[in-house]
Trainee: 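One structure, as structure tokens, below. Some questions next.
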There are 2 protein chains.
Amino acid sequence: MADLRRPERTFTIRQLCNEFKATPRALRFYEDKGLLNPAREGLNRVYSHKDRVRLQLILRGKRVGLSLSEIRELLDLYDENDEGAAQMARSLKKFRERANALEQQREDIDNALIELREACNRLEKRLAEIRPDLLPRAADYEQVLRARLDGHAEATLGK
Amino acid sequence: MADLRRPERTFTIRQLCNEFKATPRALRFYEDKGLLNPAREGLNRVYSHKDRVRLQLILRGKRVGLSLSEIRELLDLYDENDEGAAQMARSLKKFRERANALEQQREDIDNALIELREACNRLEKRLAEIRPDLLPRAADYEQVLRARLDGHAEATLGK
DNA sequence: GTCAACGCTTACGTAAACGTCAACTTCAAA
DNA sequence: TTTGAAGTTGACGTTTACGTAAGCGTTGAC
């Protein structure tokens with residue numbers, strides 16, 4: 001009867017949370033920060049399709065490591081100027097900046113990895129000389145592989 | 001007269017700060033957290049060569065993204081068991097874990113970069129159709145290159 | 001009739017690594 | 001003698017993105 005995709009369809013907070021794997025607290029927090037502005041039915045929040053889209057944009061922004069305030073700026077731009085052009089240019093700029101920052105981060109990580117590998121090699125050599133029995137073998141991989149199944153991007157990109 | 005490299009030479013807090021580009025507040029903080037334990041001359045801190053080495057290790061640890069508490073654990077191991085073997089094994093393990101984490105981070109970053117580039121491409125295409133004059137050109141590089149001259153690793157690896 | 005599930009608001013807690021006062025002492029140079 | 005530089009110990013502030021209650025109202029299921 002009610003097509004789920006009808007634009008006039010609305011969502012409860014929990015529906016959006018389930019769909020996007022967020023928590024109610026998070027959505028309220030975004031609202032508090034001015035990223036969302038759902039309608040009210042009495043006290044209860046009622047999310048429209050536009051709100052849903054905004055939430056999607058928020059989460060995408062987070063995925064690429066933008067801060068909430070940066071995301072808010074972008075969303076504000078979309079609102080002010082809805083015909084879309086100047087704000088697209090600004091978004092593009094923001095995204096490029098973010099990409100550059102990420103590339104810098106990759107460089108930093110690569111440098112850290114170099115330093116780490118040197119330290120590992122030194123330790124391995126000395127351990128092999130002195131106490132080869134204590135050499136921790138690469139059996140650590142199991143742990144690592146298990147841990148890898150979760151949401152690492154959030155931690156990595158600064159949450 | 002006094003050879004600067006003589007092992008009995010001591011250092012003031014500011015000397016070490018200048019040498020390693022840290023702040024007094026930071027060294028006191030490390031001390032507060034149990035990473036350093038300089039002698040006192042009255043109230044003033046007097047850093048020995050061993051303290052200097054410890055500080056170097058602390059900063060190296062930070063450079064590769066270890067937390068202060070992880071660094072403290074490693075330093076504690078060096079102290080307990082000064083003949084060095086089991087603790088080297090543990091350090092090695094820690095370093096390998098850290099290296100794995102960093103590799104994971106690189107992957108996360110690469111994924112974010114993919115998502116970003118897609119978004120950039122979409123925006124560029126639409127902008128080129130609608131308002132090609134608004135296309136932000138790659139003149140941003142100047143800003144980026146300037147910013148690149150500073151300590152990015154700290155930000156990148158979580159400070 | 002009542003209990004659980006969901007919703008709300010307000011407000012404090014968390015983690016990390018310091019920065020930033022305030023309020024002082026101590027020392028050496030001018 | 002004064003003043004300026006450097007040192008000290010607290011203690012609170014900062015940032016980000018929420019988590020975690022506390023305490024209350026509403027509603028559907030049984």
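Naming convention: chains lettered A, B, ... in sequence-line order (proteins, then strands); numbering from 1 in each chain. Predicted model only: the values in this text are computed from it and were never measured.
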Trainee: Among the nucleotides D:dG7, C:dG19, C:dA17, which one has an atom lying closest to any side-chain atom of B:Phe29?
Mentor: C:dA17
Trainee: Rounded off to whole Å, could you give me the CG-to-P distance for the B:Asp32 and D:dG10 pair?
Mentor: 9 Å
Trainee: Let's see if you can work this out: which of D:dA6, D:dT8, C:dC18 has an atom nearest to the side-chain heavy atoms of B:Tyr30?
Mentor: C:dC18
Trainee: Would you mind reading off the distance between B:Leu27 atom CG and C:dG19 atom C1', rounded to a whole angstrom?
Mentor: 14 Å
Trainee: Starting at CZ of A:Phe11 and ending at C1' of C:dC6, how long is that distance when rounded to a whole Å?
Mentor: 18 Å
Trainee: With a 3.5 Å cut-off and just heavy-atom distances, do the side chain of A:Arg25 and the base of D:dT20 make a donor-acceptor pair?
Mentor: yes
Trainee: Examine D:dT8: is either OP1 or OP2 under 4.0 Å from a nitrogen or oxygen in the side chain of B:Arg28? Give yes or no.
Mentor: yes
Trainee: Is there a side-chain contact between B:Thr12 and B:Asn44, using heavy atoms and a 4.5 Å cut-off?
Mentor: no
Trainee: Are A:Glu115 and A:Asn111 close enough that a side-chain donor and a side-chain acceptor fall under 3.5 Å?
Mentor: no
Trainee: For A:Pro24 and for B:Lys33, find the nucleotide of DNA chain C with the closest heavy atom, then tell me which residue's nucleotide is more 5'.
Mentor: A:Pro24
Trainee: Measure the distance from CD on A:Glu31 to C1' on C:dT9 and round it to the nearest whole Å.
Mentor: 12 Å
Trainee: Nearest to the B:Thr12 side chain among D:dT8, D:dG7, C:dG7, which nucleotide is it?
Mentor: D:dG7
Trainee: Quick check: is A:Leu74 connected to A:Val53 through a chain of hydrophobic side chains (ILVMFWY, heavy atoms under 4.5 Å apart)?
Mentor: yes
Trainee: Can you see if the side chain of A:Arg14 gets near the phosphate of C:dG7 - specifically, an N or O under 4.0 Å from OP1 or OP2?
Mentor: yes
Trainee: If hydrophobic clusters are built by linking Ile, Leu, Val, Met, Phe, Trp and Tyr wherever their side-chain heavy atoms come under 4.5 Å apart, do B:Ile109 and B:Ile114 end up in the same one?
Mentor: no
Trainee: Check the distance between D:dG7's C1' and B:Gln15's CD and give it to me in whole angstrom.
Mentor: 13 Å
Trainee: Using whole Å, report how far CG of A:Leu43 lies from P of C:dT10.
Mentor: 10 Å
Trainee: Using a 4.0 Å heavy-atom cut-off, does A:Ser67 contact any base of the nucleic acid, only the sugar-phosphate backbone, or nothing at all?
Mentor: sugar-phosphate
Trainee: Starting from C1' on D:dA17, measure out to CG on A:Leu66 and report it in whole angstrom.
Mentor: 15 Å
Trainee: Among D:dT9, C:dC8, D:dC18, which nucleotide has an atom closest to any side-chain atom of B:Arg40?
Mentor: D:dT9
Trainee: Strictly below 4.0 Å, N to O, side chains only: are B:Glu73 and B:Lys93 in salt-bridge contact?
Mentor: no
Trainee: Give a yes/no answer on whether the side chain of B:Thr23 brings an N or O atom under 4.0 Å of OP1 or OP2 in C:dG19.
Mentor: yes
Trainee: Return the value, rounded to whole Å, for the distance between atom CG of B:Asn44 and atom P of D:dA5.
Mentor: 17 Å
